[in-house]
Every structure is written in C-alpha cells, then in structure tokens.
Visitor: 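Input: one structure, supplied below.
Chain naming here is simple, since letters A, B, ... match the order of the sequence lines and numbering starts at 1 in each.
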Amino acid sequence: MKIFNTSHEATHQILYSSIKKALSSASNSKQLHKIHSIILTLGLGKSVLFSGKLISKYAQFKDPTSSLSVFHRVSPTSNVYQWNSIIRALTHNGLFSKALGFYTQMRKMDVLPDKYTFPSVANSCAALVDIEMGKVVHENVLDMGLGSDLYIGNALVDMYARFGCLAEALKVFDGMPERDVVSWNTLISGYSANGYWEEALDVYNMARMAGIMPDCYTVSSVLPACGGLVDVKEGEVVHCLVEKIGLHSDVVVSNGLLSMYFKFNRLLDARRIFDEMVVRDTVSWNTLICGYSQMELFKESILLFMQMVNKFEPDLLTITSILCACGHLHDLEFGKFVHEYMKRSGYESDTTADNILIDMYSKCGDLLASREVFDRMICRDSVSWNSIINGYFQYGKYDEAVKLFRIMKIDSKVDSITCVMLLSASTQLADKDLGKKIHCDVTKLGFDSDIIINNAMIDMYAKCGQINDSMKIFEYMKTHDRVTWNTIITACVQSGDFTLGWKLIHQMRTEGLRPDAATILGILPMCFFLAAKRQGKEIHGCIFRLGFETDVPVGNALIEMYSKCGTLTISLKVFDCMEVRDLVTWTTMISAYGMYGEGKKALRAFAEMEASGVIPDHVAFVAIIYACSHSGLVEEGLASFDRMKKIYNLEPRIEHYACVVDLLSRSGLISKAEEFIYSMPLKPDASIWGSLLSACRSCGNIEVAQRVSERILELNSNDTGYYVLASNVYAILGKWDQVRMIRKSIKARGLKKDPGCSWIEIKRRLYVFGAGDKFFEQFDEVNKLLGIISGLMAKEGYVADLRYVLHDIEEDEKKDLLCGHSERLAIAFGLLNTKPGTPLQIMKNLRVCGDCHTVTKYISMIMQREILVRDANRFHNFKDGICSCGDHW
DNA sequence: CTAGGGTTAG
C-alpha cells in the first residue's frame with residue numbers, strides 16, 4: 001500500500017503501465033472486474049485514461065452493460081476515443097440503435113468523429129437497414145474528408161450491400177483510391193448475399209485477375225454464388241483452389257464447400273468433404289442434415305441428428321431442420337418430441353422456427369397444434385400467415401383459410417406466395433370468382449410481372465373453363481418459362497383446342513425450350529381424347545429420345561393413352577416394361593381392363609397390386625367396381641365394395657355408391673339397385689339416379705324410370721346429361737309436353753347439350769361426323785350403303801328400336817333419324833374407304849345408343865368386319881355379331 | 001472493415 005501514497009512521477013508511470021498491461025491481458029470477465037475495482041479504488045473512475053480500454057474489454061466479454069456504466073462515469077466527455085469505444089462496444093454486442101443514439105449525441109455535443117468512429121456507425125446502420133441514416137453517415141464521412149479511408153470505404157461498401165443497394169455499393173468500391181482483399185471480399189459477399197450469383201462470380205474473377213490472393217473470406221463468400229449457378233463446374237474450380245492453397249482446414253470454408261455440393265445434389269462429394277473434415281462445428285452438422293433433407297433423405301437426416309447429439313449441442317437451426325424432416329415424414333410423434341426439446345432448450349419465439357413448427361404440424365395433420373403455435377406468436381411474418389393458410393387449404397378448410405387471408409390483407413402481409421397459394425386453391429376448387437378476386441389483388445399489389453403468379457393464373461383460368469383469359473395472360477407475359485408453356489399447352493388440350501396445343505408445342509421448341517415430362521403429360525391426353533394412336537406413338541418416340549421413359553407418371557399416361565386408343569395390348573406392354581409401378585400405374589391398368597370389359601383381368605391385377613404392397617385408395621376402388629360393373633361381375637363388385645370398407649377402412653364416397661348402383665342396375669337388378677339407393681348413408685345425387693335411370697332405359701323398365709326422372713329433375717343439377725336422360729324417358733312415354741318443358745329449362749339455365757359426334761381416322765386423316773350430317777364427301781355413297789345394309793339386316797331379323805328416337809315425329813322419320821346417328825355414318829364411311837376385312841376403329845364422344853349397338857353387331861356379321869367403337873365410357877369390340885361388352889354397357 | 005447452416009408456392 002505504501003507505493004500508492006507516493007506522488008513521485010516515475011511511480012505513477014509504473015502504476016499506469018502495469019494497469020494497462022493487466023487490462024490488455026485480462027482473459028475473462030472476472031479478471032476484468034477485479035482490475036476495474038482497483039481502478040475505482042484508486043479514484044480513477046472518472047479518468048479517461050483507462051475507461052476506453054475498459055469499455056472495449058467489457059464489450060469483448062459480451063458485457064455491454066458494464067461498458068455503458070464505465071462510459072457514464074466519464075460522460076460528458078469531449079474525448080473522441082471514449083465515444084468511439086462505446087459506439088464500437090454497442091455495435092459489437094448487437095445494440096445497434098443504442099450505438100446510433102450515441103453517435104447522434106456526440107454530434108450534438110460537437111465532438112468531431114474521426115476515422116475510427118465511422119466503421120462501427122456504418123455497421124449499425126447496415127444492421128438496422130436504416131437507409132436514411134446510412135446516407136447521412138456517408139455524407140458526414142465525405143464532409144470530414146474521410147472519403148478515401150480504406151476501412152471506412154470497406155464499411156460503406158458493406159453497408160450499401162446490406163441495404164440491397166448494390167449499385168451504390170459498387171459506386172463506393174469504384175471510387176476507392178486503395179483497395180485490399182477485404183474490399184473485394186465485401187463486394188463479392190454483397191452480390192452473393194443478395195442472390196446475384198453471376199455478378200458475385202464476376203467480381204471474384206476480377207479480384208483474381210487483379211492479383212488478389214483469395215483468403216477464407218473470399219472463398220466463403222463466393223461459394224454460395226457457385227451453388228446458385230446452373231453448373232457445378234465453377235464450384236469445382238474453387239474447390240481445387242481451396243485444396244491448392246490449403247484453405248480446406250478452415251471450418252467455414254469446408255462448410256461452404258459442403259453446402260455448395262448439396263445445392264447440386266452431389267451427395268457423394270458432400271459426404272467426402274464432411275468425412276475428411278478435421279474440425280467440424282455445429283454448422284457442419286446442420287449443413288449435412290439439411291442437405292440430406294433437401295435430397296428428401298429425411299430418415300437419414302434424422303439418423304444423422306442422432307449421431308450429432310452425442311458430440312454437439314444442437315442449436316435452433318439443427319432443431320428446425322429436423323422439424324422440417326418430421327413434417328415431410330408426417331412423423332407427428334417425433335415432431336412433438338423435438339418441439340418439446342426445443343422448448344426445454346429455451347428456443348422460443350424465433351419467427352422462422354415457429355413458421356417451421358406451423359408447417360410441420362399441418363403436414364402431420366394436427367391443425368390445432370399448428371394454430372396454437374400461430375396464435376401465440378408475437379411477431380408473425382408473411383411466411384407464418386402463408387403456412388397456416390396453406391395448412392387449412394391442405395385439409396379442405398377453405399372458409400377458415402379465406403377468413404385468415406382477409407385478416408392477413410389488413411395486416412398487409414400478403415406476398416406473392418400468398419397469391420400463388422390462393423390461386424392454386426381457386427384452381428382446385430374451380431372457383432372462378434375467388435380466382436378473379438385474387439387476380440385483382442395481384443394487380444393491386446403489383447405482382448403481375450411475377451412469372452410464377454402468371455403461370456398460376458393461366459392454370460386457374462383454364463381449370464375454371466376460362467381458356468380465353470388464360471390466353472390473354474399468356475400473351476401479356478413478357479417471358480415464358482417451361483412451366484408457362486406446359487401450363488398453356490395443357491390448358492389448350494384440356495379445353496379441346498388440340499390444334500393450338502400442337503402449334504404451341506412447336507412454338508415452344510422454336511424458342512429453344514425442350515419439352516419435359518410435364519409437357520408430355522400435358523399433350524398425351526390429346527392423343528387419348530382423339531384416340532390418335534399415330535400421334536401417340538410419335539410422342540412415345542419423343543419420350544425415348546428425351547429419356548423420360550423411366551418417369552413413372554409418363555409411363556402411366558402412356559398406359560392410359562394406348563388403352564384409350566384401342567390398343568390394350570400396347571398398354572400392357574408399357575405396363576410390363578415399367579420398373580417402378582405406383583398406385584396410379586395399377587389403377588390406370590385396372591381402369592383399362594374395365595373399359596374393355598376384361599373384369600376378370602382387372603380383378604387379377606387388383607390382387608397383384610395388393611400382393612406387391614401397394615395400398616389401394618378411393619380411386620383404385622372406383623376403377624375395380626367400374627370394371628366389375630362393365631363385365632357383369634356383380635358378386636365380385638360387391639365384394640370389392642365391402643373390402644374397401646372392411647380391409648382398408650376407406651369411407652365410400654358418392655362415386656363408389658354410384659358405381660355400385662351402376663353395377664346392380666346394368667345387370668338388370670333394378671329393384672336391388674333402388675333398394676341400395678334408399679339404404680345409402682349419403683344423400684343420393686344426380687350421378688346415382690342417373691346410373692339407375694340409364695339402366696332402366698336400356699332394359700325398358702319404364703315404371704321405375706319415370707319415378708327416377710322426377711327425382712333427377714328435383715335436384716336441379718347443372719349437368720345436361722341428366723336432363724337429356726330424363727327427357728328421353730318422357731319421349732319414350734310419348735309425353736312430349738314434358739320433353740319440351742325439360743328442353744326449355746335446359747335453355748333457361750344457359751346449359752348446352754353436347755352435340756353427338758363420331759370420328760374415324762383413314763390414311764392419316766381424321767373424318768368427323770355429326771348426327772344427321774349431310775355435308776361431307778361421299779354422302780350419297782354412305783347413304784346408299786346404309787340403305788343396302790338396312791335391307792340385309794331386315795332379312796336377318798332386325799327391327800329398329802324406336803325408343804332411341806327422342807323427337808316427336810312419324811315412325812318413318814324416326815327410322816331415318818336413327819340411320820343418321822353419327823357412329824353409323826362413320827362406320828359406313830369406313831367400310832367404303834378401306835379394303836374388305838380391315839378392322840375399323842370408331843370414336844364417339846357420347847354413349848353409343850342401344851339401337852346403334854344392335855346395328856353395329858349386325859354390320860360386323862354381315863360385312864365380316866371387326867369394329868372397335870370407343871364411346872364416352874368404354875370400348876366395344878364387335879365381331880361376328882357379338883360385342884365384347886356382353887351387352888353390359 | 002469482410003465469410004458458412006433453417007420455413008411457405010406455379
């Protein structure tokens with residue numbers, strides 16, 4: 001203690017320098033506090049001699065409160081060093097607005113900042129994205145004549161980059177008289193962080209040409225940009241450099257490489273990087289786990305998490321990655337467990353983490369838990385709203401979703417993703433009005449140049465039957481990507497404009513875009529709609545050339561195409577060649593068998609599917625019951641219906657009941673079918689009564705038919721088909737007043753009856769015939785031939801079934817009308833234009849009428865021709881007077 | 001003064 005009492009100059013000198021030394025070497029908070037208390041004991045608390053160092057040291061140990069208390073002891077002060085210290089201390093501890101507050105305060109007190117003041121101030125502006133303040137600070141720098149300072153320049157480049165103002169950042173960079181590796185790194189990372197991958201790489205290459213030796217920062221900044229490019233090449237070049245100059249021992253660099261390889265789905269390269277890392281940290285593990293998740297290897301990523309837990313404490317990012325994997329696996333139990341773990345680790349109220357929780361719970365089907373997370377969130381961003389709304393949409397809770405959307409609008413949190421989601425919901429619901437409203441929002445919010453939104457709008461209008469609006473958007477768009485083309489082509493095909501669809505495919509190719517699997521899937525339905533086998537085969541060739549033959553959905557579409565084109569054998573070949581078969585593959589094959597009346601084969605396929613471990617769903621059961629129904633396999637069909645409920649626990653939907661009604665009534669069990677309808681737990685709709693009615697008509701059960709017609713009319717359906725059916729019944733009964741009444745009500749509703757037409761392809765040309773058509777080549781010859789056939793049929797015992805004529809006219813005229821049915825015209829035309837014995841293939845958009853069915857049987861016998869007719873429902877193969885449908889049609 | 005890992009959609 002003696003030494004402190006001396007007032008000797010030299011002793012003071014020794015004292016100060018030893019305290020200074022002690023301060024510099026303090027390596028933890030405890031030591032620092034000890035030295036601090038000595039300083040206070042000496043009465044030097046108000047002195048500026050040690051306070052700057054103390055402030056900085058406390059900041060270093062993450063104790064900004066102590067930094068502040070030191071500063072307050074010396075304040076007010078005009079010593080710039082004290083101000084610099086406190087501003088830097090606060091900035092480094094994340095107290096940015098406090099730091100800026102001190103900067104403002106020092107300016108007010110007319111303390112002149114120096115070159116050490118600005119880097120931290122610029123940092124704080126950057127962190128707060130306070131562009132206004134940033135500009136003021138930049139001006140202050142220039143006013144002070146510090147514009148050419150290297151460190152300040154670097155800080156300003158960084159600041160503008162973080163504002164997203166890359167042009168401004170570049171301007172500062174270009175104006176710098178002196179640049180070092182940090183300047184280049186900052187610019188590279190600025191471009192990289194804002195997603196300007198090419199620009200980041202350009203600057204990196206410029207740095208290399210300028211003779212800059214890349215360091216860890218350079219590499220870590222450029223690697224994310226490499227990951228964003230289309231080719232892995234650039235990333236590999238950087239990887240080589242890393243090995244060459246020995247940067248791979250840096251954990252951040254290795255993590256960057258790891259992440260880059262995962263962006264290209266290069267699992268093996270990524271895994272090698274990870275395995276060869278000498279030092280790994282939490283980020284390394286997170287990158288690995290996340291990478292596996294990105295490659296949809298969710299189970300593996302959870303296993304990695306288990307391995308990691310033994311070595312490292314998982315952080316919030318680890319937890320959220322795992323939660324994400326749980327969501328994809330629909331593993332609610334593990335998801336809940338991780339959520340608990342997250343709470344226990346004290347990670348709550350992180351917006352991104354909560355967003356992922358919302359998504360995880362809704363993916364797992366626990367909407368209540370989703371909503372609970374959403375409700376307790378303090379700070380919700382757009383993603384939070386989008387995720388919860390998406391959850392409601394996924395589970396069909398449209399009202400709740402739309403309700404939240406309205407609140408979200410008030411909160412002005414609607415972004416482009418919200419719009420895409422709502423458009424997709426409008427599409428699924430075919431809700432034109434909702435779609436139009438969203439279109440308005442899109443325009444108001446200025447998202448109408450967003451390509452994804454435009455694609456979604458094209459799809460929405462098309463699925464709502466507004467193809468013209470789809471075309472308008474398509475033409476209005478400045479750029480079209482592959483999805484745009486696929487969407488518009490699919491839209492054309494679905495709306496029946498095949499010519500335009502075909503034209504657009506060619507246009508797409510001339511614009512240099514290769515068709516992909518989705519293009520194929522869009523165009524193939526055209527082939528099966530037209531039964532255009534030739535075009536279908538052409539596309540099949542394309543599929544091989546483009547290498548999509550192993551794509552499962554493409555294979556499925558091919559099976560459907562060939563079956564609907566009348567070549568079940570090729571369908572089967574495609575099916576046999578497929579290495580992977582999913583539920584859709586099997587269902588398509590079963591439906592195909594159904595269409596050809598191959599009920600037994602359909603049942604066999606269904607059993608095979610079950611044996612191969614594929615679980616049938618609602619659609620598969622529709623297919624199998626339908627197949628039984630079209631083959632008269634009543635027992636088997638009913639058994640399938642039971643199996644669906646008992647074995648698979650699937651609640652039958654209205655379409656299954658309709659199939660069963662069809663199954664019973666097609667086989668003539670009209671009263672059983674009627675009983676079944678009355679025992680249904682669901683309210684019978686038009687499809688149910690319609691099935692029964694058409695069967696009544698075929699078997700001539702007028703009594704039930706009349707009763708059912710009344711039921712159908714009560715339902716006020718918007719499907720013209722049912723009105724036509726009912727009107728047909730009244731026509732048979734000769735109740736022409738009722739017939740007229742129904743016609744009127746169809747008109748009043750603005751509905752249109754699909755005009756019947758048939759078509760046939762001869763020598764690469766399609767010939768289309770409407771009912772009663774008179775204006776086609778060879779009309780006279782066709783008419784003559786039909787007359788001759790008529791005579792021959794009469795000899796064989798044929799009598800026209802005039803119940804299929806639905807107009808109030810004379811008997812003779814009725815016969816004429818029947819002869820004018822489009823399928824007969826097509827058949828006669830085919831007979832005239834092909835060599836004897838050639839099989840004919842006719843397509844019809846509606847169901848074949850009973851009389852035509854009979855007539856075609858006769859023709860197949862008299863003319864010795866095999867005639868394949870595809871109507872709206874199925875195939876009929878006529879041969880020697882017999883139809884493959886066994887009259888179950 | 002500069003660097004790496006997590007969420008929603010067509």
Visitor: Nearest to the side chain of A:C216, which nucleotide is it out of B:dA3, B:dG6, B:dA9?
Guide: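 Minimum distance to the A:C216 side chain belongs to B:dA3.
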Visitor: Taking only residues at least two apart or on different chains, which pairs with a member in residues 187-196 of chain A satisfy side chain to side chain donor-acceptor pair (under 3.5 Å)?
Guide: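 Every candidate side chain to side chain donor-acceptor pair (under 3.5 Å) pair involving residues 187-196 of chain A fails, so no pair, neighbours aside, qualifies.
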Visitor: List for me each residue that meets side-chain hydrogen bond (donor to acceptor under 3.5 Å, both in side chains) alongside A:S370, sequence neighbours excluded, and say none if there are none.
Guide: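 Scan of A:S370 (side-chain hydrogen bond (donor to acceptor under 3.5 Å, both in side chains), adjacent residues dropped) gives none.
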Visitor: Looking only at heavy atoms, which two atoms of A:F264 and A:L229 are closest? And how far apart?
Guide: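 Distance-wise, the nearest heavy atoms are CE2-O, 3.3 Å.
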Visitor: Report yes if a side-chain nitrogen or oxygen of A:H92 is closer than 4.0 Å to either non-bridging phosphate oxygen (OP1 or OP2) of B:dC1; otherwise report no.
Guide: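 Checking A:H92 against B:dC1: at least one side-chain N or O falls below 4.0 Å of OP1 or OP2.
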Visitor: Output the single nucleotide from B:dG6, B:dA9, B:dA3 whose closest atom is nearest the side chain of A:Q294.
Guide: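 Closest of the options to the side chain of A:Q294: B:dG6.
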Visitor: Take atom CZ of A:F298 and atom C1' of B:dG6, then tell me their distance rounded to the nearest Å.
Guide: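 A:F298 atom CZ is separated from B:dG6 atom C1' by 14 Å.
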Visitor: Under 4.0 Å between any heavy atoms, over every strand shown, what does A:T287 touch: base, sugar-phosphate, or nothing? Just pick one.
Guide: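 Counting heavy atoms under 4.0 Å across all strands, the contact made by A:T287 is with sugar-phosphate only.
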Visitor: Any residue in residues 379-386 of chain A with a heavy atom nearer than 4.0 angstrom to DNA chain B? Just list them by number, or reply none.
Guide: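 Hits under 4.0 Å, by residue number: A:V383, A:N386.
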Visitor: Looking at every strand, decide which applies to A:D315 at a 4.0 Å heavy-atom threshold: base, sugar-phosphate, or nothing.
Guide: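 It contacts base atoms.
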Visitor: Let me know the distance between CG of A:D180 and C1' of B:dA3, rounded to the nearest Å.
Guide: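 For the pair A:D180 CG and B:dA3 C1', the rounded distance is 15 Å.
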Visitor: List the atom of A:D551, the atom of A:A517, and the distance in Å for their closest heavy-atom pair.
Guide: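 Nearest heavy atoms, A:D551 then A:A517: OD2-CB, 3.9 Å.
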Visitor: Report the nucleotide, chosen from B:dT7, B:dC1, B:dA9, that has the shortest atom-to-atom distance to any side-chain atom of A:I417.
Guide: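 The closest nucleotide is B:dA9.
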Visitor: Hey, does the side chain of A:Q394 come within less than 4.0 Å of B:dT8's phosphate (OP1/OP2), counting only N and O?
Guide: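 Indeed not, no polar side-chain atom of A:Q394 lies that close.
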Visitor: Would A:R179 count as a cation-pi partner of A:F173, with NZ or CZ less than 6.0 Å from the six-membered ring centre and within 45° of the ring normal?
Guide: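 Judged by the rule (NZ or CZ under 6.0 Å from the ring centre, within 45° of its axis), A:R179 counts as positioned above A:F173.
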Visitor: Using a heavy-atom cut-off of under 4.0 Å over every strand shown, decide if A:D415 touches base, sugar-phosphate, or nothing.
Guide: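 Since no nucleic acid heavy atom lies under 4.0 Å of A:D415, the category is nothing.
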Visitor: Heavy atoms from C-beta onward define the side chain here; which of B:dT8, B:dC1, B:dA3 lies closest to that of A:V182?
Guide: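 In terms of side-chain proximity for A:V182, the closest of B:dT8, B:dC1, B:dA3 is B:dC1.
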Visitor: Looking at every heavy atom in both A:W197 and A:G228, which two are closest together, and how far apart are they?
Guide: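 It is CD1-O, 3.5 Å.
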Visitor: Check every strand shown and say whether A:L323 touches a base, only sugar-phosphate, or nothing at a heavy-atom separation below 4.0 Å.
Guide: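 Here A:L323 touches no strand at all.
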Visitor: Heavy atoms only, 4.0 Å cut-off, all strands: where does A:D215 land among base, sugar-phosphate and nothing?
Guide: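 No contact.
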Visitor: Is a donor-acceptor contact shorter than 3.5 angstrom present between the side chain of A:S321 and the base of B:dG6?
Guide: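 No.
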Visitor: Among B:dT8, B:dC1, B:dA3, find the nucleotide with the atom closest to the side chain of A:V252.
Guide: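 Nearest to the side chain of A:V252 among the choices is B:dA3.
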Visitor: Test your reading of the model: is there a side-chain donor-acceptor pair from A:H330 to the backbone of A:K363, 3.5 Å cut-off?
Guide: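 Yes.
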Visitor: Whether A:R376 and A:D354 form a salt bridge (side-chain N of Lys/Arg under 4.0 Å from carboxylate O of Asp/Glu) is what I want to check.
Guide: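 Between A:R376 and A:D354 there is a salt bridge, with a charged N closer than 4.0 Å to a carboxylate O.
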Visitor: Any base atoms under 4.0 Å from A:A122, or only sugar-phosphate, or nothing? Heavy atoms, all strands.
Guide: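 Nothing: the residue A:A122, judged by heavy atoms under 4.0 Å, touches no strand.
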Visitor: Please report the distance, rounded to the nearest Å, between CD1 in A:I87 and C1' in B:dC1.
Guide: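 Value for this atom pair: 16 Å.
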Visitor: Counting heavy atoms from C-beta on, name the nucleotide in B:dC1, B:dT8, B:dT2 closest to the side chain of A:S189.
Guide: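 Nearest to the side-chain atoms of A:S189, counting from C-beta on, is B:dT2.
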Visitor: Could you tell me whether A:T186 contacts a base, only the sugar-phosphate backbone, or nothing, with contacts defined as non-hydrogen atoms closer than 4.0 Å?
Guide: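 The residue A:T186 makes sugar-phosphate contact but no base contact.
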Visitor: Quick one: A:M159 CE to B:dC1 P, roughly how many Å, whole number?
Guide: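 Nearest whole value for this atom pair: 15 Å.
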Visitor: Roughly, in whole Å, what's the span from CD1 in A:I452 to P in B:dA9?
Guide: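 These atoms are roughly 11 Å apart.
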Visitor: Is A:N185 close enough to B:dC1 that one of its side-chain N or O atoms is under 4.0 Å from OP1 or OP2 there?
Guide: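 Negative; the distance criterion is not met.
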Visitor: Counting side-chain heavy atoms from CB outward, which of B:dC1, B:dG6, B:dA3 is closest to A:N154?
Guide: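 Within the option list, the nearest is B:dC1.
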Visitor: Between A:N123 and B:dT2, does any side-chain N or O lie under 4.0 Å from OP1 or OP2?
Guide: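 Checking A:N123 against B:dT2: at least one side-chain N or O falls below 4.0 Å of OP1 or OP2.
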Visitor: If you round to the nearest 0.5 Å, how far is CZ of A:F393 from CG of A:L429?
Guide: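 Going from CG on A:L429 over to CZ on A:F393, the span is 7.5 Å.
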Visitor: Contact class for A:S192 (heavy atom, under 4.0 Å): base, sugar-phosphate, or nothing?
Guide: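 No contact.
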Visitor: Starting at atom OH of A:Y392, determine the distance to atom P of B:dA9, rounded to an integer number of angstrom.
Guide: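 It is 17 Å, rounded to the nearest whole Å.
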Visitor: Are any of A:R162's side-chain N or O atoms less than 4.0 Å away from OP1 or OP2 of B:dA3?
Guide: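 Answer yes for this pair, as a side-chain N or O of A:R162 is under 4.0 Å from OP1 or OP2.
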Visitor: Tell whether A:N355 reaches the base of B:dG6 with its side chain through a donor-acceptor pair below 3.5 angstrom.
Guide: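 No pair found.
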Visitor: Starting at CG of A:L316 and ending at P of B:dT7, how long is that distance when rounded to a whole Å?
Guide: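 Roughly 12 Å, once rounded to whole Å.
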Visitor: What is the distance, rounded to the nearest whole Å, between atom CE of A:M213 and atom P of B:dT2?
Guide: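 Roughly 23 Å, once rounded to whole Å.
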